[in-house]
Novice: 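Have a look at the structure that comes next, please.
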Amino acid sequence: MKQALMIFGSTGNLMYEKLMPAIDQLLKEEHIQNDLVLYAVGRRDWNTKDYFDNIKASSDNDINWDAIEKRLEYIEMDVYTKEHYTRIKHKLEDDGIEDLTVYLALPPNLFPVISEGISDSGMIIKGDMSKRIVFEKPFGEDLKSAESINKSLWECFDEKQIYRIDHYLGKEMIQNILMVRFANKIFEEVWDQKAIDYVMIIAKEEDGVLTRGAYYDKIGALKDMLQSHLLQMAALIGMEPPKSYDSESIKDEKVAVLKGLKMAPKDILLGQYKGYRDTEDVDEDSQTETFVFAEASIDNARWRGVPFYFLTGKSLNEKRSEIIVQFKSSDKITELWPKEKAKNNRLKIEVAPNEGVVFQFNVKDPGLSDAIVPAKLDYCHSCQAMDNTPEAYERLILDVLNQNRTLFTRWDEIETTWTIVEKASKRRNQLFRYGSFEEVKDEIINQYGEDFYDL
Ligand code: BG6
């Protein structure tokens, strides 16, 4: 079947920075069909050569441009003009395309109009699994807009033709969570409130909002990061074992645990970095949060009494994403070595920039003393790969072309995560302003009275 990948919004950042390098890598590694056609759709009055020259000149990546040029075609169109979709449909027939992936690298308010154009023109017929549609988060700006976007998508496509990307799910170590949990008896056996003290999910960023002020000021960290990436990580850490390792069973369990996750407004700390209000397109009195620290609980037998903490923000001290599973202390330590202050066991799943798993446990101090000291078992995931581990978008594009749905989110996951965030932000706490991560830490300690080490 002759395959094509058609990207709407092909002159945007996502295409230039992420999708093009990922497609290039997949071609280099021969993961995708050699005759794959790449249609770049945009509204600029360009021809294929103009587009190719522009993307090539704007890219710092080491791309095999000859291979791209061979398969690339630019299509100029206006997403509001019905005839343009019909023209594209005829073009696809003339080009003999039988397997089509349409990627919407555009803001969500355009999804309904484009879906309708694609569907009415017959470019993609509802239920025809050889054609599918992919798009990025954010899925709306709140539950209501997400519902309305989703309703228009369902009018045009079958749920199984819809691929919603949360790019965190394409990251190697996020995919690894289920292996670490369920392929290791030592972790599976202790993965509950009897042994675990708390879970902390961290996604820190060093950059501010850069040039995305207009988008970000309407959204904020709770919706930009927590509603999607952080809650997805929590679902994988918290879910019950799926009946089998298939997309629907995994999603069923993710939704089940998310439905029991509660986050109260009083347990949310919101911050904004100093200087944010000077960003282009940001309101000078903006109350948008660029930092969130939140505590949630999960009301089920496995997790009752175990706090799930979430920390995410811009303009912090470093770029780091990881999941910490902190175990309780052992009574035996106090019984046998009452004077020792052993550290609790801790499992850290490092997502980025390091990729790996670190397990902290206690050992005897080497030498003549009987002191207890912490030691680490350190697994570096990226070191095991022959080359670099694949970028999230490589994996996601390949999966969508191969119709593998596991790493894409189902509507009920989105609905549940929006519900959590909406309830949590019913009443907004006052923002604190931060100029450094030390100030952020002080606020966390003030609120929680606990000094989470390693933050
Ligand atoms: C995006 C957010 O979804 O994720 C951005 O919109 C954020 O604000 C980005 O910077 C972080 O992703 P990563 O892969 O760089 O951790």
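Remember, it's 1-based here, ligands and their atoms both numbered in the order they're listed.
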Novice: Would you call Arg44-Asp50 a salt bridge at under 4.0 Å N-O?
Specialist: no

Novice: I'd like to check Phe291 versus Phe432 (side-chain heavy atoms, cut-off strictly below 4.5 Å). Are they in contact?
Specialist: yes

Novice: Looking only at protein heavy atoms, identify the closest one to atom 16 (O) of ligand 1 and say how far it is in Å.
Specialist: Tyr168 OH, 2.7 Å

Novice: So which protein heavy atom does atom 11 (C) of ligand 1 come closest to, and at what separation?
Specialist: Glu205 OE1, 3.9 Å

Novice: Just heavy atoms, cut-off under 4.0 Å: does Tyr216 contact ligand 1 by side chain, backbone, both, or neither?
Specialist: neither

Novice: Could you list the atoms of ligand 1 found under 4.0 angstrom from a heavy atom of Asp224?
Specialist: 2 (C), 5 (C), 6 (O), 8 (O)

Novice: Is ligand 1 less than 4.0 angstrom away from at least one heavy atom of Glu136?
Specialist: no

Novice: Going by the order shown, which atoms of ligand 1 are within less than 4.0 Å of some heavy atom of Lys314?
Specialist: 5 (C), 7 (C), 8 (O), 10 (O)

Novice: Any cation-pi pair here, Lys171 with Tyr168, using under 6.0 Å and within 45°?
Specialist: yes

Novice: What distance separates Ile201 CD1 from Ile324 CD1, expressed to the nearest 0.5 Å?
Specialist: 10.0 Å

Novice: Would you say Met20 and Ile68 make side-chain contact, with heavy atoms under 4.5 Å?
Specialist: yes

Novice: Check ligand 1 against His167 and write out every atom of the ligand that is under 4.0 Å from a heavy-atom position of the residue.
Specialist: 1 (C), 3 (O), 4 (O), 12 (O), 13 (P), 14 (O)

Novice: Heavy-atom contacts with Lys171 under 4.0 Å: which atoms of ligand 1 show up? List them by number with element.
Specialist: 13 (P), 14 (O), 16 (O)

Novice: Closest non-hydrogen protein atom to atom 13 (P) of ligand 1, residue and atom name please, with distance?
Specialist: Lys319 NZ, 3.4 Å

Novice: Measure the distance from atom 5 (C) of ligand 1 to every protein heavy atom, then report the residue, atom name and distance (to 0.1 Å) of the closest one.
Specialist: Arg212 NH1, 3.3 Å

Novice: Measure the CZ-CZ distance between Arg346 and Phe361 for me, rounded to the nearest 0.5 Å.
Specialist: 15.0 Å

Novice: Between Tyr448 and Tyr309, is the gap from one ring center to the other below 6.0 Å?
Specialist: yes

Novice: Going by the order shown, which atoms of ligand 1 are within less than 4.0 Å of some heavy atom of His229?
Specialist: 1 (C), 3 (O), 4 (O)

Novice: Could you pull out all residues at least two apart from Asn13 that satisfy side chain to side chain contact (heavy atoms under 4.5 Å, CB included)?
Specialist: Glu17

Novice: Is it the case that ligand 1 has an N or O less than 3.5 angstrom from some N or O of Lys137?
Specialist: yes

